[in-house]
Amino acid sequence: MALDVATIKKDFPIFERVVNGHRLVYLDSASSSQKPRAVLDAMDHLYETSYANTHRGVYVLGQESTALYEGARERVARFINAPSSREVLFAKNVTEAINLVAYSWGRANLSEGDAVLLTEMEHHANLVPWLVLREERGVELRFLPVGDDYQLDLSDLDRLIDGVKLVGVVGISNVLGTLNPLRQLADAAHAAGAVFLVDGAQYTPHIATDVAELGCDFYGFTGHKMLGPTGIGVLWGREELLDAMPAFLTGGEMIRDVRLDGWTPNELPWKFEAGTQPIAEAVGLAAAIDYLEAVGMEAIREHEVSLTAYALRALTERHGDKLTIFGPSEPAARGGVLSFAYDGVHPHDVSQVLDEAGVCVRAGHHCAKPLMRSLGVNASARASLYVYNDADDVTALGDGLAYAADFFAF
Ligand SMILES: Cc1ncc(COP(=O)(O)O)c(C=O)c1O
C-alpha cells in the first residue's frame, strides 16, 4: 500500500515552486496543508458555472449552488460515518466549531460548580472557550496530565472524571503528535454521565474517522489541514444534543420565522448556520475528501507511520543528543508531527536557516502554551508530515539541521 509520493506531488501545483533557489520541502501541514489541483478546480468550477447564494434563489444557478453545498455536507457525513447529514454543521474552522459547543451546549448545560475535563495537551481552540466559561460561570476545569513518553497519564482518570459533564480531548496533539485513546476516554466519559468532545483537527486529515466507532458526542475538524481550503470547518454532533441546543450565531438561514416580537430557529443543520455560508469552501472540502479517499485513508496512515518511524530514526542517528524530539517514541502511537529542540539554537533560528534551503517548518508555541510550559520551553521547531512528503524531505530536514548547527556553533 506504499504511496506513490512522486505522482501525488504532481497533483499539487505549489510543488512546482522554487524557494530560495531550492525545491519546496513543505513540512508544515500540521499548520495548514497544501491544496491539490482537484480542490482548486472544484472551487473554480463552481464560480465559473454555477455560483449564486444558497437556499435563496429559485433560479437554476441558485439551485445548483445549493445542491453543491448540500452535496458537500452529504460527502462530509459519509467521510466521518455520521448517521445523518443533519448532524453535520459547517463552521469557519474547528476553533469556531468548538466555540459553538462551548457557547451553545456549554451555556445551556453548565453552571457554577459543574466540571469539565480537558487535557494538558489541548490546543488553545479547545481550552480558551472553556476558560471563558470558567470565568463567566465558575465552571470547574480539570486536566489530564501528560505522563511517560508524552502520552496522557490516565492513572488518576477515575477521580478526575467523577461527576464531570463534558470531556474534551484532542485526537492527535499538534505539538507532541500523541494519538490519544479516544474510545477508552469516550467510554469513561459516558460511564461518568458526561458528553465526549473531540478536537479532530490533526486526526481527520490523517486517520479514517468514524464518529460512531470513536464514541463521540461532538467532533470538530478543519478543512485547511486536510487538503481543503481555508474558511471551512465542521462540527458533527449527535442529533438529540444539537436539537436541544440554543442557536449560537443568529440571522440569515438559521431562522424559520421572524416577527417584531420574536423569532423561531430553523431545523438542523441550518439552525447553526447564520448568514451566507462558505459555499465554494464547502465544495472545495468535498473535493479534498474525494482526493483523500481516492488515495485511501488507510494507505495515508500507513505511509505516515512508516515515514515518521524513518524520520525519528534518521534524525536521531544523525543528530544524537543535540536533538530533543518532544513526542512518543513509538511511531504507531503518534501522528507525523515532530516537535523538536536543537541544542543551543533557538527554534526561530532553526526555522529561518531551514527556509534558506527551501524547507518550511514552523517555530513557536503552536497555540498550546500550557503544554509548552510543562515541557519547560517557550517554543519548539515543528516539522509535520503529510501525504506529499517522502524520505527525501526528511533528508532535506536533516541536512538543514546540520547546516544550522554549524552556522550557530559557538
Ligand atoms: C489540535 C488543533 N486544534 C485546533 C486547531 C485550530 O485550527 P483552526 O485554526 O483551523 O481553527 C489546530 C490548528 O493548529 C490544531 O492543531
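Quantities reported herein were computed from a predicted structural model and do not represent experimental measurements. Both ligands and their constituent atoms are indexed starting at 1 by order of listing.
Dense packing is recorded around NE2 of His55, with more than 12 heavy atoms of other residues, nucleotides or ligands lying under 6.0 Å away.
Ligand 1 has His224 within reach: a non-hydrogen atom of the residue lies less than 4.0 Å from it.
Shown in contact with Ala125 at under 4.0 Å from a heavy atom are these atoms of ligand 1, numbered in order with element: 4 (C). Which parts of ligand 1 touch Thr222 is read off a 4.0 Å heavy-atom cut-off, strictly below it: atoms 8 (P), 10 (O).
When only modelled atom types and interatomic distance are considered, Tyr388 and Gln34 share no side-chain donor-acceptor pair under 3.5 Å.
Taking any N or O of Lys225, backbone or side chain, at least one lies under 3.5 Å from an N or O belonging to ligand 1.
Given atom 9 (O) of ligand 1, the protein heavy atom at minimum distance is Thr95 OG1, 3.8 Å. In terms of protein heavy-atom proximity, atom 15 (C) of ligand 1 is closest to His123 CD2, 3.3 Å. Considering only non-hydrogen protein atoms, atom 16 (O) of ligand 1 sits nearest to Gln202 NE2, 2.6 Å. The protein atom (non-hydrogen) at minimum distance from atom 7 (O) of ligand 1 is Val94 CG1, 3.3 Å.
Here Val170 has side-chain heavy atoms under 4.0 Å from ligand 1, and that is the only part of it that gets that close.
Taking the six-membered ring where the residue is Trp, Phe218 and Trp105 present perpendicular rings, their angle passing 60° and hence far from 30°.
The ring of Phe408 has its center no closer than 6.0 angstrom to the ring center of His346.
One option in Asp199, Asn174, Val337 has a heavy atom closer to atom 4 (C) of ligand 1 than any other, and that option is Asp199.
Cation-pi contact between Arg313 and Tyr310: absent, since separation from the ring centre below 6.0 Å together with deviation from the ring axis within 45° is not met.
Glu293 and Arg75 are joined by a salt bridge, as a carboxylate oxygen and a charged side-chain nitrogen come within less than 4.0 angstrom of each other.
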Candidate pair Phe90 and Phe272, rule ring pair (Phe, Tyr, Trp, His ring centres under 6.0 Å), full reasoning: CA-CA 8 Å; Phe90 285 126; Phe272 289 104; over 10 Å; no
